[in-house]
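Whatever order the structure lists them in is the order used to number ligands and atoms, beginning at 1. For reference, positions follow the sequence shown, starting with 1.
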Amino acid sequence: MTSEQRDQLTFDDPTTRHPDITPPEQDQPKPGLDAELEPRSDRGETSYRGTGRLEGRKALVTGGDSGIGGAVAIAFAREGADVAINYLPDEEEDAARIAELVEAAGRRCVRIPADVRDREACDLVVAEAVEGLGGLDVLVVNAGRQVAQESIEDITDEQFDDTVRTNIYAMFWTCRAAVKHLPAGSSIILSSSIQAYSPSETLLDYAMTKAAMNNFGKGLAKQLAPKGVRVNIVAPGPIWTPLQVVDGQPKEDLPEFGKGQPLGRAGQPVELAPAYVFLASSESSYVVGETLNVNGGADSP
Ligand code: NAD
Ligand code: MG
């Protein structure tokens, strides 16, 4: 089978479906670009095949320029959704590439550069998405910040504040602004992490925000279920994205990234996309407040 014929439904061995990568030690300035990741990641550019599961839907994906969010934006578009992506102004190069792929699928892409560490920015991101898409029925809260530190004493107040603002405050502000726009049938999906239950000693501030996301998602799910809006969570394991090379891991750990999972390799962003498609689509109508772990086989509650 040629690479052109492979898609997410191809029957094959998950241990070898994607290469067992050994990334060289590398460092990018924050927020980091997929365009400069070594080796490049797979966001489904050549492989994700849509089957009409999100026909006519209107989705906002924060952090939709790269990594997992980029793969989700591509998949959503190929499933028939128009997509708004939010990202930082420094990520315009990655965002332009995702927009190109969304538009190549025949869908609209609304680009919204904005720093979500600020409430007004979150309000604006939602307002611009609603205006640009003509409504909203999928919200993926995926923007995230992760900076590894060997010691608690190395975590500055500034880092702690940035992590909590990006991962928790922005989630709250974005969801709060979006709720009034979401008709029955809509989905909210939060990008949490395996770190929520299995915190690394180097990710104290990050891991606790992901635990908070799991908790918030389950509570909000109960609140919105009677209105017909479903909230669910995706908890990825080690996925090869720019987040890892902007101090997301200690640099010397990068060559071993993901090798300790039962599948023996790191995940690629494209392997996350089907989980988000499933949770966004009406086929998951009875799935509410669930955390879907996509982690290569690690323990989860
Ligand atoms: P990524 O760097 O490609 O995506 C993160 C995105 O967050 C960036 O592209 C950026 O646009 C956005 N962002 C960060 N700070 C922002 C800010 N202040 N304002 C606006 N946008 C901001 O990396 P990724 O790994 O795809 O991360 C996506 C999500 O997945 C994150 O929430 C991350 O915590 C989560 N996650 C990743 C992994 C992994 O191994 N890569 C594992 C578990 C969870
Ligand atoms: Mg990015």
Side-chain angles (χ1 to χ4, degrees), residues 23 28-37 41-43 60-73 85-98 111-119 121-122 124-125 140-148 161-171 173-174 189-200 203 205-214 233-249 253-254 257-258 261 266-273 275-276 291-296 298 300:
Q28 285 191 37
K30 290 181 194 61
L33 289 178
D34 256 334
E36 289 169 19
L37 200 58
S41 70
D42 186 344
R43 292 163 296 159
L60 167 61
V61 183
T62 70
D65 60 299
S66 61
I68 295 166
V72 169
I85 56 173
N86 157 248
Y87 50 91
L88 285 162
D90 287 347
E91 297 176 302
E92 203 59 63
E93 180 182 354
D94 276 355
R97 175 69 182 136
I98 295 298
R111 281 152 67 168
I112 313 174
D115 186 331
V116 296
R117 286 174 295 178
D118 174 84
R119 177 177 58 76
C122 293
L124 198 81
V125 167
V140 179
V141 179
N142 170 74
R145 180 188 159 86
Q146 170 184 328
V147 177
D161 193 54
D162 273 345
T163 304
V164 173
R165 277 186 172 267
T166 311
N167 299 1
I168 300 184
Y169 276 70
M171 167 190 67
W173 287 326
T174 309
I189 305 165
L190 310 177
S191 293
S192 171
S193 170
I194 183 148
Q195 290 287 328
Y197 356 94
S198 190
S200 297
L203 294 175
D205 54 336
Y206 173 83
M208 67 161 210
T209 66
K210 295 295 166 175
M213 293 182 82
N214 275 353
I233 300 132
V234 176
I239 311 303
W240 184 234
T241 71
L243 192 79
Q244 307 301 345
V245 303
V246 292
D247 299 328
Q249 300 291 331
D253 292 352
L254 286 176
F257 183 68
Q261 303 309 100
Q268 292 292 331
V270 63
E271 298 183 279
L272 273 292
Y276 289 81
T291 303
L292 183 40
N293 294 283
V294 185
N295 65 25
S300 56

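Protein heavy atom in closest approach to atom 31 (C) of ligand 1: Asn142 O, 3.1 Å. The nearest heavy-atom contact from the protein to atom 16 (C) of ligand 1 is Leu88 CD1, 3.6 Å. When only non-hydrogen protein atoms are considered, atom 8 (C) of ligand 1 lies nearest to Glu91 OE2, 3.2 Å. Summary of contacts: the protein heavy atom closest to atom 19 (N) of ligand 1 is Val116 N, 2.9 Å. Distance from atom 37 (C) of ligand 1 to its nearest protein heavy atom, with residue and atom name: Ile68 CD1, 3.8 Å. Closest to atom 25 (O) of ligand 1 among all protein heavy atoms lies Thr241 OG1, 2.6 Å. Scanning all protein heavy atoms for the shortest distance to atom 33 (C) of ligand 1 gives Tyr206 OH, 3.5 Å. Closest to atom 3 (O) of ligand 1, if we only count protein heavy atoms, is Ser66 OG, 2.6 Å.
With hydrogens and angles ignored, the 3.5 Å screen pairs no side-chain donor or acceptor of Thr62 with any backbone N or O of Val141. Under the 3.5 Å distance criterion, the side-chain polar atoms of Asn167 are matched with a main-chain donor or acceptor of Arg145. Looking at Asp65, its side chain never comes within 3.5 Å of a backbone N or O of Leu88 through a donor-acceptor pair.
Taking backbone and side-chain atoms together, Asp94 has no N/O/S atom less than 2.8 Å away from the Mg ion (ligand 2). The distance from the Mg ion (ligand 2) to the nearest N/O/S atom of Asp34 is not under 2.8 Å. Inclusion of Thr241 in the first shell of the Mg ion (ligand 2) is not supported: no N, O or S atom falls under 2.8 Å.
Of all heavy-atom pairs spanning Ile112 and Asn86, the tightest one is O-ND2, 3.0 Å. Residue Gly144 comes nearest to Leu243 through the heavy atom pair O-CD1, 3.6 Å, listed as atom of the first residue, atom of the second, then distance. Nearest approach of Ala298 to Ile194, heavy atoms of both residues: CB-CD1, 3.3 Å. Here the closest non-hydrogen pair linking Val147 and Lys30 is CG2-CE, 3.5 Å. Contact record, Pro236 with Ile68: CG-CD1, 3.9 Å, taken as the closest heavy-atom pair. Residues Gly258 and Pro238 approach most closely at CA-CG, 3.8 Å, considering heavy atoms.
Between the OG atom of Ser66 and the OE2 atom of Glu91, the angle taken at the Mg ion (ligand 2) works out to 170° after rounding to 10°.
Close contacts of ligand 1 with Asp115, meaning ligand atoms under 4.0 Å from a residue heavy atom, involve 17 (C), 18 (N), 19 (N). Every atom of ligand 1 is numbered from 1 in the order shown, and the set under 4.0 Å from a heavy atom of Ser192 is 35 (C), 36 (N), 43 (C), 44 (C). When each atom of ligand 1 is checked for a heavy atom of Pro236 under 4.0 Å away, the hits are 42 (C), 43 (C), 44 (C). Using a 4.0 Å cut-off to heavy atoms of Ala143, the atoms of ligand 1 that qualify are 7 (O), 12 (C), 13 (N), 21 (N), 22 (C), 32 (O). Proximity to Thr166 (heavy-atom distance under 4.0 Å) selects the following atoms of ligand 1: 15 (N), 16 (C). Shown in contact with Tyr87 at under 4.0 Å from a heavy atom are these atoms of ligand 1, numbered in order with element: 11 (O). Near Gly67, meaning under 4.0 Å from one of its heavy atoms, ligand 1 places the atoms 3 (O), 26 (O).
Residue-level proximity to ligand 1 for Gln244 is carried by the side chain, the only part with a heavy atom below 4.0 angstrom. Only the backbone of Pro238 comes within 4.0 Å of ligand 1, counting heavy atoms alone; no side-chain atom from C-beta on gets that close. No part of Gln195 comes within 4.0 Å of ligand 1, judged by heavy-atom distances.
Between the side chains of Ser200 and Tyr206, no donor-acceptor pair of N or O atoms lies under 3.5 Å. Between Ser191 and Asn142, the side chains place a donor N or O and an acceptor N or O closer than 3.5 Å (distance only, hydrogens not considered).
Distances between N or O atoms of Ile239 and those of ligand 1 include at least one value under 3.5 Å. Residue contacts with ligand 1: Arg145 is placed with no nitrogen or oxygen under 3.5 Å of a nitrogen or oxygen of the ligand (distance criterion only). Geometrically, ligand 1 and Gly63 share no nitrogen or oxygen pair separated by less than 3.5 Å.
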Practice item. Start with the C-alpha gap between Ile233 and Met213, add the side-chain angles, then the distance that decides, and say whether side-chain contact (heavy atoms from CB on, under 4.5 Å) holds. Key: CA-CA 8 Å; Ile233 300 132; Met213 293 182 82; 5.9 Å; no
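The Mg ion (ligand 2) is closest to atom OD2 of Asp65 (considering only N, O or S atoms).
Considering each of Leu37, Asp65, Thr62, Val294, the one bringing a non-hydrogen atom nearest atom 9 (O) of ligand 1 is Asp65. When Ala114, Gly144, Gly237, Ala235 are ranked by how near their heavy atoms come to atom 7 (O) of ligand 1, first place goes to Gly144.
Proximity of Glu92 to Tyr87: side-chain heavy atoms (C-beta onward) are separated by under 4.5 Å at one or more points. For the pair Val234/Val294, a side-chain contact is recorded, criterion being any heavy-atom separation below 4.5 Å from C-beta on.
A side-chain hydrogen bond (donor to acceptor under 3.5 Å, both in side chains) with Arg117 holds for exactly one of Asp161, Asp162, Thr163; it is Asp162.
Salt-bridge annotation for Asp34 and Arg43: present, with a side-chain N of the basic residue lying under 4.0 Å from a carboxylate O of the acidic one.
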